[in-house]
Amino acid sequence: MHPIRFLLASIVLCAGCSAVGTRVSYYDRNADGKVDLEKHRHPGKEDADWVLRDNDFDGKYETKVLYGVAVKESSVDQQVPTGVRMEKR
């Protein structure tokens with residue numbers, strides 16, 4: 001195989017592997033039919049989970065929480081997704 005083709009194939013394969021196993025779940029915490037919480041879980045990886053929260057239920061995420069050695073909160077301004085399957089709590 002040509003070295004450049006091999007390099008490109010390796011990059012594509014590695015990029016795909018990083019997303020394998022990532023689980024994203026959506027929740028409606030106040031039962032208004034809209035997403036309020038988005039959880040990202042990375043099974044088998046320590047300190048890699050994080051969530052997005054819509055604290056005031058206005059359709060925008062305000063807070064991102066990283067769960068690592070310490071819990072770290074930061075501000076975000078991002079629309080909540082629509083048309084996604086929400087998990088039952």
Side-chain angles (χ1 to χ4, degrees):
M1 181 180 260
H2 193 274
I4 292 178
R5 285 187 187 159
F6 178 77
L7 176 63
L8 290 174
S10 300
I11 290 170
V12 169
L13 287 174
C14 289
C17 293
S18 65
V20 172
T22 300
R23 295 187 183 136
V24 181
S25 302
Y26 302 96
Y27 298 92
D28 177 9
R29 297 180 298 151
N30 67 339
D32 66 353
K34 294 187 272 182
V35 174
D36 306 311
L37 181 71
E38 180 176 323
K39 286 186 178 182
H40 293 255
R41 294 199 64 239
H42 302 275
K45 294 183 181 177
E46 298 296 321
D47 304 329
D49 297 343
W50 55 281
V51 300
L52 291 169
R53 285 193 318 230
D54 178 0
N55 299 324
D56 57 7
F57 307 108
D58 67 349
K60 292 178 109 178
Y61 293 128
E62 288 85 30
T63 307
K64 181 176 183 177
V65 182
L66 299 171
Y67 298 105
V69 175
V71 176
K72 180 181 176 185
E73 288 192 22
S74 58
S75 295
V76 295
D77 183 18
Q78 180 181 334
Q79 289 292 120
V80 298
T82 57
V84 294
R85 184 177 152 268
M86 289 184 271
E87 302 292 328
K88 295 186 185 214
R89 275 211 128 162

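Just so you know, these numbers come straight off a predicted model, no measurement behind them. Residue indices begin at 1 and follow the sequence shown.
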With the 4.5 Å side-chain cut-off for hydrophobic clustering, are [X] and [Y] part of the same group?
X   : Y   : result
Y67 : Y61 : no
V84 : V76 : yes
V71 : V51 : yes

Are the side chains of [Y] and [X] in contact, using a 4.5 Å heavy-atom criterion?
X   : Y   : result
R41 : S25 : no
E73 : R53 : yes
V24 : E38 : yes
D47 : V69 : yes
D28 : Y26 : no

Salt bridge (Lys or Arg N to Asp or Glu O under 4.0 Å) assessment of K64 paired with E62: CA-CA 7 Å; K64 181 176 183 177; E62 288 85 30; over 6 Å; no
Can you tell me how far [atom2] of [Y] sits from [atom1] of [X], rounded to the nearest 0.5 angstrom?
X   : Y   : atom1 : atom2 : result
Q78 : D54 : CD    : CG    : 11.0 Å
K88 : Y27 : NZ    : OH    : 13.0 Å
H42 : D49 : NE2   : CG    : 6.5 Å

Single hit among D36, V35, L37 for side-chain contact (heavy atoms from CB on, under 4.5 Å) with M86: V35
Shortest non-hydrogen separation from P43 to R23 and the atoms involved: CG-NH1, 3.4 Å
Salt-bridge contact D77-K60 (side-chain N to carboxylate O under 4.0 Å): yes
Check: R29 side chain, F57 main-chain N or O, donor-acceptor pair, under 3.5 Å: no
